[in-house]
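All chains are named by letter (A, B, ...) in the order of the sequence lines, taking the proteins before the strands, and each is independently numbered beginning at 1. Because only heavy atoms are used, hydrogens play no part in the values below, and waters and symmetry mates are left out as well, while side chains stay in.
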Amino acid sequence: MVTSNAQLRAVLFEKLRLHELCENKKLPKTISKQQQSTSEAALLQLQHLHPLPKIILEYRQVHKIKSTFVDGILSCVKSKNYISSKWYQTSAVTGRISAKHPNFQALPRQPLQIRKKQCIQGKEEDVVTVHPRDMFIPQEGWTFLAADFCQVELRLLAHFSSDPELLRIFTNPQADVFTMLASQWKVMSVDEVTPEDREHAKRIVYSVVYGAGRERLSGILGVSTEHASRFQDSFLQTYREVQTFIQRTIQQSHKKGYAVSLMGRRRNLPNINSPDWGLRMQAERQAVNFVVQGSAADLCKMAMITIFNLVSSSSSLSARLLAQLHDELLYEVEDSQVEQFAALVRSTMESLQHIHHLGVHLKVPLKVAVSIGKSWGSMSDLHTPPSVSQTPSSSFPTPPPPP
DNA sequence: CTAAATTCC
DNA sequence: ACCAGGAATTTAG
């Protein structure tokens, strides 16, 4: 079977013995059993030695789509006559929301290009592109509206660390952070940075701050481990206070046995003082990650609930929440109310920078990107109306009575 | 690096 | 027929 990694391993390393042909590069091993890995990283290294690895990689991509996002979603529709995810508010340790049956959060964002087989005798083209999110469209007379916190976790990291360099980036913004960093690293002008470059920069930043080793980083960065090691040194040197924040968080976790989010939520870390080095290091990374990712989850839930309350108490506004994609809220709103709702959502989310009755005062401004569209796949930015962004209205609900 | 769900063996 | 765990994919920071 093409889908069997055990059999693939047998063919690749016992029959063809490809690992002996590339001793210069070390191939990844599986975590638990220390076998030869058949992961993407391993197959990419082997693709020049034999045609099979590339075929497997292509197969895996289309098979994932077919089995999960076509057959999988179809089976979700069959049991009912409609399609709707189940949303879980308490299943994720960080406090993020998760979805099942189907998992809308993992629906492919990028369009997929699939080459047709020659034997089909394609009269038209031999590549077909699929936009999975384009399948979802709003009801007649309504439009999708997505509100997204811009770089939440990085902003929260700037807040927690008080790193002057990182704070400066957000307090006087010149361009998008990740496009800026991408242009610096790849030595190119800001408008030459492609969306792929930006995503790449984003992955690198989060990998470094959440404690990626040089092995892992070199894989993402596409350079040698030595170069990756130097890169992470220079990164943590430019943002020194980030490093002290990481150390402080780990130290406190060791003392308390748990990590705390922005709004006081805890995550217990049983292995934080484990004698096992591997487990202890993992718990330390989880501590740092929880403070940032968990705080982002706090903000998103606050935004969701606050907007829900505002819409509920409004007699004229018609808007429904369709999904929560991590730090993004997806709504369906009546065509005539798009502008009004966009302004409300934006000011509500940005006002979460200061939540006075909870004692939350972020040192960085929160920025929200609102986009609208007639399908989930093709949503375009809705520009900030200057009047709204200048005056953040007090749209927050009244504080609860003191205890 | 972290956090999910899903599919396959 | 069912379940457990691992390895691989997608997504999100």
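In this structure, A/Gln286 reaches the B/dA3 phosphate: one of its side-chain N or O atoms is under 4.0 Å from OP1 or OP2. Residue A/Arg214 has no polar side-chain atom (N or O) positioned under 4.0 Å from OP1 or OP2 of B/dC1.
Between A/Phe136 and A/Phe104, the ring centre distance stays below 6.0 Å.
In this structure, CG of A/Leu329 is placed 14 Å from C1' of C/dA12, rounded to the nearest angstrom. Note: CH2 (A/Trp87) to P (B/dA4) measures 15 Å, nearest angstrom. For the pair A/Leu330 CG and C/dA12 P, the interatomic distance rounds to 13 Å; values are reported in whole Å. Following rounding to the nearest Å, A/His326 (NE2) and B/dA3 (P) show an atom-to-atom distance of 13 Å. The separation between A/Phe290 atom CZ and B/dA4 atom P is 11 Å, rounded to whole Å. Atom CD in A/Glu153 sits roughly 9 Å away from atom C1' in B/dA3 (whole-Å rounding). Between A/Phe160 atom CZ and B/dT2 atom C1' the separation is 15 Å, expressed in whole Å. Protein atom CD of A/Gln324 is 13 Å distant from nucleotide atom P of C/dA12, rounded to whole Å.
Judged by distance alone with a 3.5 Å cut-off, no donor-acceptor contact links the side chain of A/Lys64 to the base of B/dT7.
Of the residues in residues 68-76 of chain A, those lying under 4.0 Å from DNA chain B by heavy-atom distance are A/Thr68, A/Gly72. A heavy-atom distance below 4.0 Å to DNA chain B is reached by these residues of residues 196-213 of chain A, ordered by number: A/Tyr206, A/Ser207, A/Tyr210, A/Gly211, A/Ala212, A/Gly213. Within residues 93-107 of chain A, the residues that place at least one heavy atom under 4.0 Å from DNA chain B are, in residue-number order, A/Val93, A/Thr94, A/Arg96, A/Ser98, A/Ala99, A/Lys100, A/His101, A/Asn103. Near-neighbour residues of DNA chain C inside residues 293-301 of chain A, defined by a heavy atom below 4.0 Å, are absent.
Note that A/Arg267 lies outside the cation-pi zone of A/Tyr258, set by a 6.0 Å cut-off to the ring centre and a 45° limit from the axis. Cation-pi contact between A/Lys100 and A/Tyr88: present, with separation from the ring centre below 6.0 Å and deviation from the ring axis of at most 45°.
Of the candidate nucleotides B/dT7, C/dA12, B/dT2, B/dT2 has the atom nearest to the side chain of A/Arg216.
When heavy atoms are screened at a 4.0 angstrom cut-off, A/Arg267 is found touching the sugar-phosphate backbone but no base atom. Here A/Arg133 lies in heavy-atom contact (under 4.0 Å) with sugar-phosphate atoms only.
Below 30°, between 30° and 60°, or above 60°: for A/Phe245 and A/Phe160 the angle between ring planes is below 30°, a parallel geometry.
Residue pairs meeting the salt bridge (Lys or Arg N to Asp or Glu O under 4.0 Å) criterion with at least one partner in residues 203-214 of chain A, sequence neighbours excluded, do not occur; the list is empty. Sorted by first and then second residue, the salt bridge (Lys or Arg N to Asp or Glu O under 4.0 Å) pairs involving residues 227-238 of chain A (not counting sequence neighbours) form an empty list.
In this structure, the side chains of A/Met263 and A/Met302 come closer than 4.5 Å at one or more pairs of heavy atoms.
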Distance-only check: which donor-acceptor pairs under 3.5 Å involve side-chain atoms of residues 322-333 of chain A, not counting sequence neighbours?
{"from": "A/Glu332", "atom 1": "OE1", "to": "A/Gln139", "atom 2": "NE2", "distance (Å)": "3.3"}
{"from": "A/Glu332", "atom 1": "OE1", "to": "A/Arg320", "atom 2": "NH1", "distance (Å)": "2.9"}
{"from": "A/Glu332", "atom 1": "OE2", "to": "A/Gln139", "atom 2": "N", "distance (Å)": "3.0"}

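A salt bridge is defined here as a Lys NZ or Arg NE, NH1 or NH2 lying under 4.0 Å from an Asp or Glu carboxylate O, and A/Glu241 with A/Lys363 fails to meet this definition.
With sequence neighbours excluded, the residues that form a side-chain contact (heavy atoms from CB on, under 4.5 Å) with A/Asp191 are A/Ser189. By the side-chain contact (heavy atoms from CB on, under 4.5 Å) test, A/Ser316 is found to be paired with A/Ser314, residues two or more places apart in sequence or in another chain being considered. With sequence neighbours excluded, the residues satisfying side-chain contact (heavy atoms from CB on, under 4.5 Å) with A/Ala158 are A/Leu166, A/Leu167, A/Phe170, A/Val364. Applying the salt bridge (Lys or Arg N to Asp or Glu O under 4.0 Å) criterion to A/Asp176, with sequence neighbours excluded, gives A/Arg198. A/Asn81 is linked by a side-chain contact (heavy atoms from CB on, under 4.5 Å) to nothing, counting only residues two or more places apart in sequence or in another chain.
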